[in-house]
Amino acid sequence: MPIIITTILILVISFTVWLLNKATPFKICPVCVGISLTWFLISAGIVIDLLTVDSWKLIVAITMGGTAAGIAFQAEKRFNWHSPMIKLPIIIIGFILSYFAVGNIGLWTLMAEVAIILVLGYLFFISKVDSSANATDSKKLKELEEKMKDCC
């Protein structure tokens with residue numbers, strides 16, 4: 001039953017964020033919010049004794065692991081990184097932090113999770129990235145396109 005509830009919760013939250021994205025000036029990944037908010041809500045449910053640790057701990061671990069991988073892929077997309085060797089340390093650190101968070105579910109852990117997710121959410125979805133590197137890449141791409149047009 002926990003997996004069904006979790007799946008429905010992820011879908012509902014993701015769909016809601018997808019709808020909200022149509023009205024906001026910035027776009028937030030609906031899947032990222034759906035999964036992250038789901039494990040956070042489940043963790044909060046465990047902390048306030050609404051949910052049992054035994055029934056929900058595995059779900060929290062799986063979804064936190066998904067968030068760790070998602071953070072690496074959002075970082076790659078946001079900062080235009082193209083190396084798996086950059087994503088790998090992010091995923092490993094995320095898995096280690098997830099392991100400790102799941103093993104120590106409590107109020108302090110929840111507060112730390114909120115702080116980390118808010119900082120990463122701001123960094124990946126709201127803050128502006130220095131576009132000078134992207135402008136250079138765009139200029140090179142246009143030059144290459146022009147050369148290819150002249151070629152044939």
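Just the heavy atoms: all of them, side chains too, but no hydrogens, waters or symmetry mates, feed the values below.
- Using a 4.5 Å cut-off on side-chain heavy atoms (C-beta onward), F40 and V114 make contact.
- Between M64 and S43 there is a side-chain heavy-atom pair separated by less than 4.5 Å.
- In this structure a side-chain-to-backbone donor-acceptor pair under 3.5 Å is present from N21 to I28.
- With side-chain heavy atoms closer than 4.5 Å counting as contact, directly or through intermediates, the hydrophobic cluster containing L19 also holds F15, W18.
- Sparse packing is recorded around NZ of K77, with 12 or fewer heavy atoms of other residues, nucleotides or ligands lying under 6.0 Å away.
- Not a single donor-acceptor pair under 3.5 Å links the side chain of S14 to the backbone N or O of L11.
- The heavy-atom pair separating V47 from I105 by the smallest distance is CG2-CG2, 3.6 Å.
- Using a 4.5 Å cut-off on side-chain heavy atoms (C-beta onward), C32 and F125 make contact.
- W56 has its side chain within reach of T6: a pair of non-hydrogen atoms, C-beta onward, lies under 4.5 Å apart.
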Residues T63, T38; criterion side chain to side chain donor-acceptor pair (under 3.5 Å); working and verdict: CA-CA 8 Å; T63 52; T38 296; over 6 Å; no
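- With hydrogens and angles ignored, the 3.5 Å screen pairs no side-chain donor or acceptor of S55 with any backbone N or O of L51.
- The structure places CD1 of I5 at 9.0 Å from CG of L9, a figure rounded to the nearest 0.5 Å.
- The salt bridge (charged side-chain N to carboxylate O under 4.0 Å, His left out) check on K57 picks up nothing, with sequence neighbours excluded.
- Listed by chain and number, the residues in a side-chain hydrogen bond (donor to acceptor under 3.5 Å, both in side chains) with T109 amount to none (sequence neighbours excluded).
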